[in-house]
Each structure stands twice: as C-alpha cells, then as structure tokens.
Amino acid sequence: MHYRSTRGTDNHSALLFSHILLSGLAPDGGLYLPTSWPQISRETFNHWRGLSYPDLVAEILSLFTAGDIELDALKAMSREAYKNFSHAAIVPLNEVETGLFSLELFHGPTLAFKDMAMQMLGQLFEYVLEREDRYVTIVGATSGDTGSAAIEAFKGKKRVNIVILHPLGRTSEVQRRQMTTVLDDNVLNIAIEGDFDNCQDMVKAMFADSNFRQSVSLSAVNSINWARIACQIPYYIRSALTLGAPERAVSFAVPTGNFGNILAAWAAGQMGLPIRKLQVGSNKNDILTRFLLSNDMSVQVVEPSLSPSMDIQVSSNFERLLFEMLEQDPHRCNAIMQEFRQTGRMAVPHDAWEKIRENFNATCLDDEQTIQAMRHFFENSHYIADPHSAIGLEAGRQFKEADIAMIVAATAHPAKFPDAVKKATGQDAALPPHLADLFARQERFITLPNELAAVQNAIKAHVQNQ
Ligand SMILES: *Cc1c(COP(=O)(O)O)cnc(C)c1O
C-alpha cells in the first residue's frame, strides 16, 4: 500500500505507512492518502464479524500497512493498545431509542474517542522507531482532549519525548489535570501565557524552523496524521457488522470538529461497507453545516461552546474528501486550498459539492439546543450523554430513516463535562475509578511566555536530559 499527498507537488513515489506515520503532514503542505482503497468482500466482512475488537483493528490496519508492517506484529500491538479500556466490549453499542444507537468510543484511559487512535499510535511509533533505531520528539498544542490522549499513549515510551503546549488557565480543570498529573520523565507539559491559537502557531513555527526540527527530530500526532484516521475505521465496521452489514446498510451520525472521525466512516464506505448516509453534527461553530447545506465554506470567528472539542472553524481533514471529489487532482486541490488560506472562503466546485451531498447531511445545535438534547435523551431513555455525544445523537435522531440503523459516535464520557450534565439532567457524572483521585494527584508543568525561543530552549533542555 502506497501513499500520496493531496497537493502532490513533491515527486516522492512509493511512500509506505511507516513514513507517513512519523512525518504526519506532507512536505508540500498536503495531507497523505492511500493511492487506492482496499476492497473488502462479503466473505471477509462476514469473517470479521467473529473477531475480537483488537484483532479486527489489526486486520484492517494490515491493509493499510501492506509491504511495511505484518499482521502478526499489528495483532500484538492492538492487543496491547486496547487492554486498558474499561469496558469489555471496548466499543459498546447502546440502543438509546428504537433504531438509534450510541457507539461509545470513550472507555479509554482519557475518556474521549481520541484514545481509540492514539493508544494504537503509541504502539505503532514504538514499533517503527525500534525497527529503524530512531528517536523522536512529539510536539503538539491542545485545547483539551488531544493533549491528554497523546500523553497517555506515549508516556514511558523509550524512543519518544512528548511535549504538549496548553494555554495557561484556558483548559478545563479535568483536562489540565489529565495531562499534568502524568509524571513520566519523557513527558513535558508547558502552559503558555496565551490562547490556543498562540500555542498552535508556536508548534507550526517549530516545524518551519528546520534547524530546530532536526536537532530534536520533531514529529507530530495531530488529527491530520493518516494513521489516526486509519485507526478510527474499525469501530465503524464493527458496529455496522453487529447491526446486519454487509447485507443491510446503516447510517452514521458524528459530532464533528476537524472532520477526522467522520472521514474514517466515509473511508469504511470506500472499502465496501454499505452506508446509507453520513450525518455531521456541529455546534454554533457551524462551518461544516453551512457548507453541506449551502456550499458556504467561509471562516468565521471561533466562539466557545459547551462542546469545546468541536470549537473549530477550519476542518483540516476536509481536504482529503475534497481531493477525492476532485477526481484526485492534486493541482486543483492545491489551488483551492491556497485560495481558501488567502480569502477564508473555499470555492468548492458545484459538481464536487453535489457529490458530497449524495453521502453527507448536517445539522447544528447551539448551546441551548445541546442542553435540550441532553435532557431529551435523559428523560426519554435514561441515557446521559456529554454535550458532544448529545449533538451527534440529536443529529442522528433528526435524520433517522425507518428500517435503517442510525449509529452515533459518542465521543466523550459525561464525567468530562460535569457542569453541562448537571444543568441538563440534574445528575452528577462521576469519574470512573481509575480517575477518581484525579483532583488529589500531584501536578507538574512549567509556565512560559508566548515566545518561541523560550519554548524551544525548554524543549531542547528536556530532550538533552533524557
Ligand atoms: C476531537 C473530538 C471531536 C471531533 O472529532 P473530529 O475528528 O475532529 O471531527 C468530537 N468530540 C470529542 C469529545 C472530541 O474530543
């Protein structure tokens, strides 16, 4: 299996999975995609129904790592990756209303769906770095869930240093503590005196500084890393097989930010899973809903909401779908993305937009509607959903068709958002046992001004101490 960039201007050929795993973004600024989609036969789907979840992950990933990483190695990795999940089914499916299913992706160590991919990435990095005798420093910026999932996945890994920047005082206390109470030597948390955009700009500047990049072997695990998308395909396939696929089609609804999770569902469809519709749920930061309903992809100011992991205006992974809809033409894709960067408005050709509309639909909920949705599912079904999952459930409920199962990605544990849960349902959402003493644990982080040199020096010192 080979990979290419959506902007395709560099003429590397025959890139393998491990290369794109470690590099993340393509040097031309594009995103990596496989050159073709593996096609799954009916017999294979039916065989997969009987596998354990980790073995299914290994089977599916092996199609994307062909010629690079063997199935047996992947099996060992995925068994390791999913052993710390607190639910025996790993990705349990709950029927919330008739035909409306909550696919719970939040039973991993940090209680958000980011663990599904990140835990496996930790294993994949370790395997490839060992094989190639290399070391890397992963640097990332977070406003919440990504940082803790990455730290949890890479803590204690011998060949990796992990540095996460968060905006001082601007993450929730649960989210901050999930990062700063991990005390392994290879973890460095930096609180930046600034906002999330400052943190993200700082990470971009570090990647653009080639001396620095080489001196610490910089790497990234942000949501544009193809390996993360690949690790999110299996739970869509698993849940659909449980509900009658490949003989019967299903629909999916996904609370969407960077478009990574729902893109994985679309990829499952490219591989042959029968999918009727993909429903995007967004909050008041509704760029995707505006795009899907009226081909208006224009950037507005990000507003804080009850579902902070979806407070996004530019959904980076959308570029992958765009590239596919442009008949995989990297030059057209590049031109559209350049113009988008300059003008803040993406001119998606009408025929490409229509093709996208054949598969995708969307709805957005403001904070009040989110609370109402949480209340609705609690009062009608005794189901407590966090604000993100509630947006997905409500999107799924609105678009549910008779006789077609609607599977909703439930992306965060309610205990991550206790205030919203209390307001909507009157219930206290307790942290699960492994995190019950989170507020009593020792924290460790350093605070730095929003200055590139200061942060680079701190990272270099951290790496040298290892
Ligand atoms: C990251 C995240 C999302 C959005 O997922 P994307 O892949 O960025 O669309 C939704 N809900 C939660 C809880 C998340 O952490």
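As the structure is a prediction and not an experimental result, all values here were calculated from the model. Whatever order the structure lists them in is the order used to number ligands and atoms, beginning at 1.
Between Lys284 and Glu368, no side-chain nitrogen of the basic residue sits less than 4.0 Å from a carboxylate oxygen of the acidic one, so the salt-bridge criterion is not met.
A donor-acceptor contact shorter than 3.5 Å links the side chain of Thr180 to the backbone of Arg176.
Residues satisfying the salt bridge (charged side-chain N to carboxylate O under 4.0 Å, His left out) criterion with Arg170, sequence neighbours excluded, are absent altogether. Residues passing the salt bridge (charged side-chain N to carboxylate O under 4.0 Å, His left out) test with Arg276 are Glu401, sequence neighbours excluded.
Enumerated by chain and number, the residues approaching ligand 1 to less than 4.0 Å through a heavy atom are Phe113, Lys114, Asp145, Pro255, Thr256, Gly257, Asn258, Phe259, Gly260, Asn261, Ser309, Met310, His388, Thr411, Ala412.
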Tabulate below the donor-acceptor pairs under 3.5 Å that side-chain atoms of residues 417-424 make, not counting sequence neighbours, or state none.
{"unit_1": "Lys422", "atom_1": "NZ", "unit_2": "Asp428", "atom_2": "OD1", "d": "3.2"}

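The aromatic rings of Trp48 and Phe45 lie perpendicular to each other, with more than 60° between the two planes, well past the 30° mark.
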